Amino acid sequence: MSEELFQKMAQSIVDGDADAAVALAKETITAGIPPLDAITKGFVTGVNIVGDAFGRGEAYLPELVMAGEAMKAAVATLDPELKERGTERRTLGKVVIATVDGDIHEIGKSLVATMLGASGFEVYDLGVDVEIEKIIGTALNVNADIIAMSALLTTTMVKQKEVIEELDKEGLRGKFKVMVGGAPVTRDWVKTIGADGFSEDAIGAVNIAKQLVGAA
Amino acid sequence: MSKNIKSITNPKLKLEILTPAEVKKIHDATLWIIEKVGVKFPSQRALDVWTANGAEVDRGRQIVKVRGEIIEAALKKCPPMYPLAARDPNQDLSLDGNHVYVGTDGCGVEVIDIHTGGRRTSKIQDVIDIARVADATEEVAFHWVPVSAQDMPVESRGLYEIKAIWENSTKHVQTESIYDAAEAKAAIEMAALIAGGKEALRKRPVLSLMQCSASPLGHDGGSLDAALLAAEAGIPTGFMTMAACLTTGPAAMAGTLAVGNAEVIAATALLQLAYPGAPVFYAAAQTASDPRNGAYTGGGPEDFLFGAATNVLSDFYNIPLSMGSFATGAKEPNWQAGIENSLSTFMAGIVMSDMLLGVGFLHGSRIWSYAEMMMDCEIFSIIEKIMRGIVVNDETLALDTIAAVGPAGNYLAQKHTRKHMLDLFVPQFMDRRPYNEWESKRDDARDWALAKARRILAEHQPDPLDPKIGAEMAKIIMSVEKKGATEPAR
Ligand code: B12
């Protein structure tokens with residue numbers, strides 16, 4: 001019986017159907033299925049199916065994003081139940097991601113955030129044009145593992161450096177891994193500023209993030 | 001070298017890409033978007049203008065909703081034609097709807113070094129070198145700041161860039177790298193030095209500004225402030241939408257046209273409400289994101305269609321258009337680059353887009369290549385030739401000559417042939433040699449294009465800018481720099 005339900009859950013994610021996912025999440029609560037099982041045996045399976053297909057070039061971006069949204073909705077529904085039972089969903093790690101101050105390029109950052117989310121990270125997406133203090137502050141508040149920064153302009157790329165300098169200054173550098181990316185970011189730049197990871201695309205970003213948290 | 005500027009003019013070819021009814025439908029949809037959905041204007045100054053002109057302004061969210069009549073009335077104030085002036089008045093460009101000009105592409109971040117062939121970060125010296133090569137090239141009618149001078153201070157970089165171009169070319173300069181008020185103010189002062197004062201600058205704007213909108217349905221605050229300052233000074237200003245099907249616009253092309261159109265005409269109307277009659281242009285480089293990874297494509301059938309459709313819209317509003325063409329996504333000058341840059345330029349050219357941007361980039365407007373620049377120029381020349389079409393009259397039918405040659409024989413020894421032989425296109429970079437010659441050398445267009453750029457760079461001496469003006473410009477630049485900041489070593 002729950003096998004069938006798990007399959008339906010996975011399918012709701014594959015279909016990118018947030019309403020169905022939420023309805024199924026509620027159903028499991030009523031049925032007394034442990035919420036962690038619902039997530040790992042049901043919904044995550046769906047995310048993996050879409051993620052793998054996307055990696056093979058057989059699924060398209062909107063399908064991936066909608067699967068991510070459906071997943072988020074399902075987890076949000078199960079969250080109170082999880083807390084109540086004192087269980088916590090195991091994620092690969094927490095990532096705080098933003099496009100830096102002065103820069104409004106959003107697409108690449110959001111894709112990286114989506115892919116990280118779909119791959120099992122807990123992602124805090126702060127949006128675009130985000131100040132240094134807010135990036136670091138959020139990372140501290142949520143006890144993040146990774147700070148990820150996108151910059152598409154040569155004039156804003158320096159903010160990636162400033163964040164690392166600020167972390168150094170505050171003695172926080174050891175607390176977070178720092179990942180950077182965006183059109184003007186090169187390997188040389190990554191070395192210059194002493195970031196821990198860099199990738200030219202979203203799938204690469206996931207691999208790097210996994211390495212950084214020792215999950216690869 | 002060449003002082004001549006090549007443009008497409010009096011074309012014989014035509015294309016109907018949208019019917020008048022379809023244009024009207026897009027226009028109505030656009031007005032609906034601006035009135036019902038709204039557009040984000042994150043600038044105090046812009047919001048004040050909207051408030052004063054009867055728009056519904058949500059200060060908190062910085063979203064403006066405007067009735068269609070207000071937008072339409074404001075757009076009527078746009079001047080339909082005006083010149084882009086050059087340091088050398090013989091190189092002034094006329095944005096009159098009957099000329100298509102090409103510029104260099106802009107704001108690249110890396111350069112394929114002209115000597116070593118290696119890829120590296122762009123510097124001020126690259127801005128200088130590219131300006132000199134472009135100065136000598138008849139296809140390039142005006143400059144965009146081609147790459148970013150990353151060895152210059154962030155807060156004044158855009159100013160070093162335009163100074164470098166003015167010092168190395170007599171052609172018009174358009175920049176897309178000045179997008180805050182302080183730099184815009186300084187840039188206008190610098191332009192006034194060349195024109196001979198603020199009033200002279202209004203008549204002969206030697207500088208124009210291009211600002212990106214922030215799709216979907218938004219603008220950047222710094223860009224808006226810079227644009228308002230430019231409009232006030234009579235500097236031609238355009239807003240460019242880069243709405244992309246799938247990510248920053250609907251997946252369907254018509255919807256993306258409407259989203260981009262809403263961004264551009266709302267901002268254009270803003271400038272007219274603030275400074276009626278200010279010279280403005282429509283600018284666009286819509287595209288489609290790749291559904292597999294969201295990548296910016298920089299080419300593809302959608303780009304080609306957008307390239308042709310947008311001029312129909314800008315004609316509807318009766319303002320000049322700057323259209324993104326070229327800008328291939330290819331990583332090196334190759335098959336993909338040839339297809340993308342030819343078709344995008346053909347489609348934007350055939351509808352008579354006033355400005356095409358621009359030559360020289362690889363990897364979706366990121367990497368400058370001199371070889372690509374030269375080959376892009378040749379693409380433009382080919383298209384310019386195609387646009388002239390086939391002229392049919394007594395002279396071109398050449399009946400006397402046909403009778404003289406008769407059946408059999410050939411036309412090589414005919415006066416008519418000699419007179420018209422250079423009506424035929426003579427390519428610089430197409431390989432028409434015997435096979436064995438190619439086999440022994442195995443070189444091609446890329447080698448010849450690069451060699452040409454190297455030759456120009458070694459030999460071409462642009463008319464220098466008066467050093468006194470250069471020195472004045474340097475002072476203006478210093479004034480915007482942060483205290484204590486020094487000019488980094490070149
Ligand atoms: C679309 C676009 C815009 C849109 C953005 C819309 C939006 N809502 O996001 C708009 C029109 C708003 C825009 C505005 C401007 N833009 Co713009 N833009 C682009 C363009 C064409 C594509 C960017 C994009 O979305 N790519 C698609 C995504 C999927 O790719 P991506 O962003 O590179 O992200 C991928 C990777 O880089 C990586 N990645 C990204 N972030 C991160 C982070 C981490 C941690 C990791 C690991 C990986 C990673 O993974 C992503 C997914 O694969 C680029 C050129 C280019 N080819 O990159 C120029 C470009 C970045 N823009 C440029 C410029 C100059 C501007 C403007 C200043 C223009 C102007 N005068 O107004 C303004 C800046 C405004 C501002 N304050 O930010 C220049 C920058 C050059 C420079 N020298 O700095 C570029 C290179 C184009 C050019 N040559 O002119 N732009």
Side-chain angles (χ1 to χ4, degrees), chain A residues 50-51 53-66 68 99-115 127-129 150-162 181-192 199-206, chain B residues 40 42 107-110 119-123 145 147-158 161 176-180 183 212-216 218-223 242-251 287-296 298 331 361 363-367:
Chain A
V50 182
F54 183 76
R56 290 194 306 270
E58 286 163 16
Y60 296 108
L61 199 53
E63 297 172 288
L64 182 74
V65 173
M66 289 182 74
T99 299
V100 297
D101 197 4
D103 199 322
I104 58 169
H105 292 87
E106 189 191 0
I107 304 161
K109 181 269 305 159
S110 297
L111 286 188
V112 172
T114 302
M115 278 304 283
V128 299
D129 197 5
S150 187
L152 273 276
L153 298 170
T154 47
T155 46
T156 56
M157 208 162 76
V158 291
K159 301 281 174 178
Q160 297 177 333
K161 182 159 159 242
E162 286 172 23
V185 174
T186 59
R187 227 160 265 291
D188 281 346
W189 174 250
V190 176
K191 242 202 256 148
T192 310
S199 153
E200 279 192 63
D201 69 4
I203 292 179
V206 171
Chain B
K40 187 169 178 177
C107 252
V109 296
E110 292 185 302
R119 179 167 58 91
R120 55 166 177 76
T121 299
S122 56
K123 302 200 181 69
V145 170
V147 294
S148 292
Q150 295 177 62
D151 48 348
M152 291 291 135
V154 168
E155 72 274 16
S156 53
R157 189 173 288 167
E161 292 165 351
E176 62 149 353
S177 12
I178 287 183
Y179 38 92
D180 70 52
E183 270 195 296
C212 274
S213 61
S215 309
H219 288 281
D220 177 53
S223 290
M242 295 180 62
C245 291
L246 196 87
T247 50
T248 52
T287 183
S289 300
D290 190 301
R292 290 164 302 186
N293 56 9
Y296 174 76
K331 308 296 185 279
F361 271 157
H363 192 32
S365 298
R366 276 172 281 186
I367 304 176

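These numbers were taken from a predicted model, which means no experiment stands behind them. Naming convention: chains lettered A, B, ... in sequence-line order (proteins, then strands); numbering from 1 in each chain. No hydrogens, no waters, no symmetry mates; every other heavy atom, side chains included, goes into these values.
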When the 4.5 angstrom heavy-atom criterion is applied to B:R292 and chain A, the contacting part is both
Residues passing the side-chain contact (heavy atoms from CB on, under 4.5 Å) test with B:C245, sequence neighbours excluded, are B:M253, B:T256, B:A288, B:F306
Okay, A:I203 and chain B: the region with an atom under 4.5 Å from a heavy atom over there is neither
* **Intermediate values then yes/no, side chain to side chain donor-acceptor pair (under 3.5 Å), B:T247 and B:S289** => CA-CA 6 Å; B:T247 50; B:S289 300; 2.6 Å; yes
Okay, A:T155 and chain B: the region with an atom under 4.5 Å from a heavy atom over there is both
Exceeds 12 heavy-atom contacts within 6.0 angstrom, atom CD of A:E162 | yes
If one checks every heavy atom of A:M115 against chain B at 4.5 Å, the contacting part turns out to be neither
If one checks every heavy atom of A:A183 against chain B at 4.5 Å, the contacting part turns out to be both
Of all heavy-atom pairs linking B:E110 and B:V147, the shortest is O-CG1, 4.3 Å
So, the part of B:Y179 with a heavy atom under 4.5 Å from chain A: the answer is side chain
The side chain to side chain donor-acceptor pair (under 3.5 Å) partners of B:T287 (sequence neighbours excluded) come to B:T297, B:D303
